Amino acid sequence: MDDVESIAKKIRFEGYAFINEWQPSLNTEEVASEVGSILDVEKYLPNAGIGKIQRLNPKEPSKELINQYSGSYGLDEFPFHSDLAHWQIPPRYLLLRCIRGYKDVLTNLLPLSVFEKIIEKKYLKFALVCPRRKSGVQTICPMSIKFKTSGDVGVRWDLLFLQPLNAPAREAYKIMLYAPWDEKEIIPACLEKPGDTLIIDNWKMLHNRTTVPFSSQSREIERVYLNSIG
Amino acid sequence: MINLVQANSWSAEALFSKALLFTEQMNSSNADEWKYGLWSSLSLELLARASLANISPALLAEPNNWRNIMHALGNAPTAKKFTPNSIGTKEVLARLSELLPDFTQEVAGFCSKHVERRNAELHSGEIVFSGLGTSEWLPKYFKACQILLASLGKTLDDFVADPTSAQQLIDSLDDAAAKAVDQDIKAHAKVWENKEEGSRNEAAHQAQAWATRHAGHRAQCPSCRSPALLQGSPSGTVSTTVSDDVVIQRQTMLPTSFECIACGLKISGFSKLSACGLGDAFTAKTTYTAAEFFELYTEEELEEARNEMPEYEPDFNEY
């Protein structure tokens, strides 16, 4: 599966696509431009120093990185989340490309259908969250975990960057903290070889990164967000 | 460029979510508490604003400053010390009356009245919602919510935890047959007046003894003024208060039936009860001991413990 049409179809129906060693001679921006329309983070966060393509390396936890997952979780397993869930409209897709990978560090995927099964309808429908903190002149408004925009439905989930605002959200948080899913329901993806590319529908799948062993700390992944695919 | 990061506080989504938060606060109180009414008025206002914003957030902008429109459209302020201003709630309701066909003058009138109650509650020393029976406003509140929710492509199911009870309250507004209960009340009142005074006194005395609190909710009979009983069905969440010795649970009850043993008047169904002023929600209170509630000990175990005699050495002088 190398052509954009097949990739787009797979993502549409399954929520993700994994392409082994896809055009390793191309850089991440070139590959991303082939498959979809890049979301330039710099345009939305001009003073944050975050580029269009982000380089991800495992890091020890530290106070300096408090605005990042590594700051809190370090080399431990990241909890399941959707990226930039605290944005009003989170990016639709994320593309992860292996620069230097290891077979013992996985990116796990949790489909929306499993998430909806775990969090009862009565909580999901009424759960409201908001960004955990305000930066600058940002306006904080309550947001539904399940949102609808441009005629499509998505889910935002982040135990760290979002805080629950009401009882249904607090119940949802309690449920997710105990990892109540069956291991068989998780889809593992291993970005091991240069060019291995994982594209995730960020509205329909949660993802995480497993623990990084000492021997795999030089892992390097590049990430870019996409507005659309195909 | 659509602002993906920053929430627009005047967007239909943000306003609806806030209305949902306020409705949750409403439901955390019992229906006969003043807080219930106050939170309902706040959630209704936000729902109305969400409906108007759904047509266009620009409709919420106070027109005296063009920057308000820019804010409504999700743009960052271009002037220092700018604070966006939106139109007042009365204007929101007036615009909705014109823009939403189902938002009739009658519905707008109720919403306007409810907002006035809110203003009085917040800006004066009067506890407006205390003593205001729910039958006077709750069905109309849910009807207004239903219309506004429909304009957002939503239903009561998306807004309240107990949409079935809410729908029953809305249905009671249109129940023409319920108004016939007046005839029934008058008929019983006539029979009561025609009784001898001695009979009336005896019946009233019996009713006094019968209508004890633990058998239902006491209410005054509209026909003969004797103490009578209302029964209800539970609605909404149960609130639990735990103190040192007791656990008290309270739940809102919506009246379902009425009975007076003095004059024999019986009324069944919320619509009829509401039509004759007996439709106000009441609170059912149940008190448990801590042991009962947390199932610490059974009665048998407690009885056994009481009956256990301590083991002493038999009395014996010096040995």
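Every chain is numbered from 1 and lettered A, B, ... according to where its sequence line falls, protein lines coming before strand lines. If you're wondering where the values come from, they're calculated on a predicted model, not measured in any experiment.
- In summary, the side chains of A:Tyr69 and A:Asn208 do not present any donor paired with an acceptor at a separation below 3.5 Å, with no hydrogens or angles considered.
- When side chains are defined from C-beta on, A:Trp181 counts as touching A:Phe80, because their heavy atoms get closer than 4.5 Å.
- Using a 4.5 Å cut-off between heavy atoms, A:Leu84 makes no contact with chain B at all.
- When the candidates A:Cys141, A:Pro91, A:Pro168, A:Ser144 are compared by the number of heavy-atom contacts under 4.5 Å with chain B, A:Cys141 comes out ahead.
- Using a cut-off of 4.0 Å between Lys/Arg side-chain N and Asp/Glu carboxylate O, B:Arg250 and B:Asp32 are scored as not salt-bridged.
- Paired with B:His114 under the rule side-chain hydrogen bond (donor to acceptor under 3.5 Å, both in side chains), one option of B:Arg118, B:Glu116, B:Arg117 passes, and it is B:Arg117.
- Note on A:Asp196 versus A:Arg97: no salt bridge recorded, every NZ/NE/NH1/NH2 to OD/OE distance being 4.0 Å or above.
- Contact annotation for A:Leu39: only side-chain heavy atoms (C-beta onward) come within less than 4.5 Å of a heavy atom of chain B.
- In this structure, chain A has a heavy atom under 4.5 Å from the backbone of B:Phe159, while its side chain stays farther away.
- With a 4.5 Å cut-off on non-hydrogen atoms, A:Leu128 touches chain B through its side chain but not through its backbone.
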